[in-house]
Protein chains: 2
Amino acid sequence: MKIATWNVNSIRARQQQVRDWLQENPVDVLCLQETKVVDQDFPRAPFEQLGYHLYVSGQKAYNGVAILSRTPVEEVSTGFSPIVGDTQARDFDQQKRVICGTVGEVCIVNLYVPNGSSVGSDKYDYKLRWLKVLREYLQILKAKSPGAMCVCGDFNVAPENRDIHDPSDKESHIMASPAEREALQEVLAIGLADTFRKFTSEGGHYSWWDYRTRAFRGNRGWRIDHHYLTPDLYERATNCKIDILPRKLPKPSDHTPVIVEF
Amino acid sequence: MKIATWNVNSIRARQQQVRDWLQENPVDVLCLQETKVVDQDFPRAPFEQLGYHLYVSGQKAYNGVAILSRTPVEEVSTGFSPIVGDTQARDFDQQKRVICGTVGEVCIVNLYVPNGSSVGSDKYDYKLRWLKVLREYLQILKAKSPGAMCVCGDFNVAPENRDIHDPSDKESHIMASPAEREALQEVLAIGLADTFRKFTSEGGHYSWWDYRTRAFRGNRGWRIDHHYLTPDLYERATNCKIDILPRKLPKPSDHTPVIVEF
DNA sequence: GCCAGAGTAG
DNA sequence: CTACTCTGGC
């Protein structure tokens, strides 16, 4: 089974690129982030024509997640509150950043973690609080679902220094600050492991390059899109690769797909 | 001598198409409307390289007119106020819609008449008042210049029913309402004649097709781009043609060029 | 800086 | 439908 994650930075702007990529890479499941479209306007037909079932949770202009799957997805739910159920979770669900469902015996969670803007900002605080709720959410989901879990998406956190082109002076940089790295580690402590690092130890592998400053040309990137697996699944994983080709196209997303296989 | 008029709907978006067209159609003078660029940012070099002198009067985002000429243009002036000189004219000149100059013994006036939005609107009122000032402007210009006159551009008025694909129910439609047609006729009454109609009497010839509703595909167009000539010049005119080829290109202007020859 | 979307105009 | 500005995210 192949599961890919890709922050497409608008599904309407990237429709053709995502279609082309799926034809070259007929993964079983594709998790999208930053679809930037309300559910009603999501371009479903182009992907249904390629044989995918679609499950979307979007909003106007910002955020938005979607799962595309070759087989129907069971028990689909969107947002934190159907699982966590409190009013805090309901507040967070105003931003469409979470969708999950079960394919076969695997529970797939597709996330778009808040970016956080800059360390110390209100949005940074929101990101840290969001990650706390995420931990709760995943813990409950894990207890509920007996099988394996794949938690993937755009985490907006580079877990280690080897996940950044130039780690110097990045302690106070968003996506690399100690507090968010620790918040991510507390999420993973429920029993999730970084699949990319099962296969690749060295640095220089990234999934996001800033549109500014010709970051892609100089490979000044960040590895912030991840697949986290529960132990059984992690053991069964046979591959985890970043496909940088879509980032080379004209008018690309600033992220590129990451694919796990097990 | 060949004089063309073309509403290009942004010279920056249409630069290559206008260049290509000029190489195929090396007219003596090309009058452009809706250049949509301030004079400082007008792409002069690409047209100078083709051997044209440029005279521009533009603004940010909207309107804007330009004259391109193989030979230098004398006595260039922009707006109503240098000719008409009152405060009302100065108000109208905030929108860049008028440029004129002399080539040989011909006074060429290049106009972008206000669209008027919809009959009865504030913009419609503005259009009617603008046409009144235009009449004054042309009258003074005619008295000043002893020679011939060519008044061309986007008039945003279809003078007769044969200038519209489907004239039914168009009495209350912008560009065909009685008041604007009458206002145009009062302008022409100073002694100007519609050159296209010297050569072609039947309907079905248009210079503008709405981007919406696939109007071009069905030839549901309007003839709103005109060359009006003073009597001598009208007599000497040997041809007046609409070139629909540019409207067939990908990403076209909604207007296509009209060329007069005398 | 380089993208999006929203709004505006035609 | 196509262009523009503006705003805002990253």
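Given the structure is predicted, the values throughout are model-derived calculations rather than measurements. Every chain is numbered from 1, with letters handed out A, B, ... down the list of sequences. FYI, side chains are in, hydrogens and waters are out, and symmetry mates aren't considered; it's all heavy atoms of this structure.
- With DNA chain C read from its 5' end, the first of the two nearest nucleotides for N9(A) and D210(A) is the one closest to D210(A).
- Taking atom CZ of R97(B) as the reference point, atom C1' of dG10(C) lies 11 Å away to the nearest angstrom.
- Remark on DNA chain C: of its neighbouring residues K251(A) and R212(B), the 5'-side contact belongs to K251(A), judged by nearest-heavy-atom nucleotide.
- Computed from coordinates, the D254(B) CG to dT2(D) P distance equals 10 Å when rounded to whole Å.
- One finds no salt bridge joining R14(A) and D20(A) here, because no Lys/Arg side-chain nitrogen approaches an Asp/Glu carboxylate oxygen to under 4.0 Å.
- Remark: P of dC3(C) and CG of N7(A) are 15 Å apart, rounded to the nearest angstrom.
- Residue K123(A) contributes atom NZ, which lies 9 Å from atom P of dG8(D) at whole-angstrom precision.
- Counting only N and O atoms by type, the side chains of Q33(B) and T5(B) include a donor and acceptor under 3.5 Å apart.
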| field | Residues R223(B), D194(B); criterion salt bridge (charged side-chain N to carboxylate O under 4.0 Å, His left out); working and verdict | value | CA-CA 11 Å; R223(B) 195 175 69 86; D194(B) 184 345; 2.7 Å; yes

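- Straight-line distance from the NZ atom of K60(B) to the P atom of dA9(C): 14 Å, rounded to whole Å.
- Between H255(B) and W222(B), the distance from one ring center to the other does not fall under 6.0 angstrom.
- At a threshold of 4.0 angstrom between heavy atoms, the contacts of Y112(A) are confined to the sugar-phosphate backbone, with no base atom among them.
- Distance Q17(B) CD to dT2(D) P: 12 Å, rounded to the nearest Å.
- When each of dA4(C), dG10(C), dC4(D) is scored by its nearest atom to the side-chain atoms of K36(B), the top-ranked nucleotide is dC4(D).
- Straight-line distance from the CD1 atom of I174(A) to the C1' atom of dG9(D): 13 Å, rounded to whole Å.
- The distance between the ring centers of F80(A) and Y137(A) falls below 6.0 angstrom.
- Between the P atom of dC3(C) and the CH2 atom of W209(A) lies a distance of 15 Å, rounded to the nearest Å.
- When heavy atoms are screened at a 4.0 angstrom cut-off, S10(A) is found touching the sugar-phosphate backbone but no base atom.
- Listed pair R14(B) / dT2(D) fails the phosphate criterion, with no side-chain N or O lying under 4.0 Å from OP1 or OP2.
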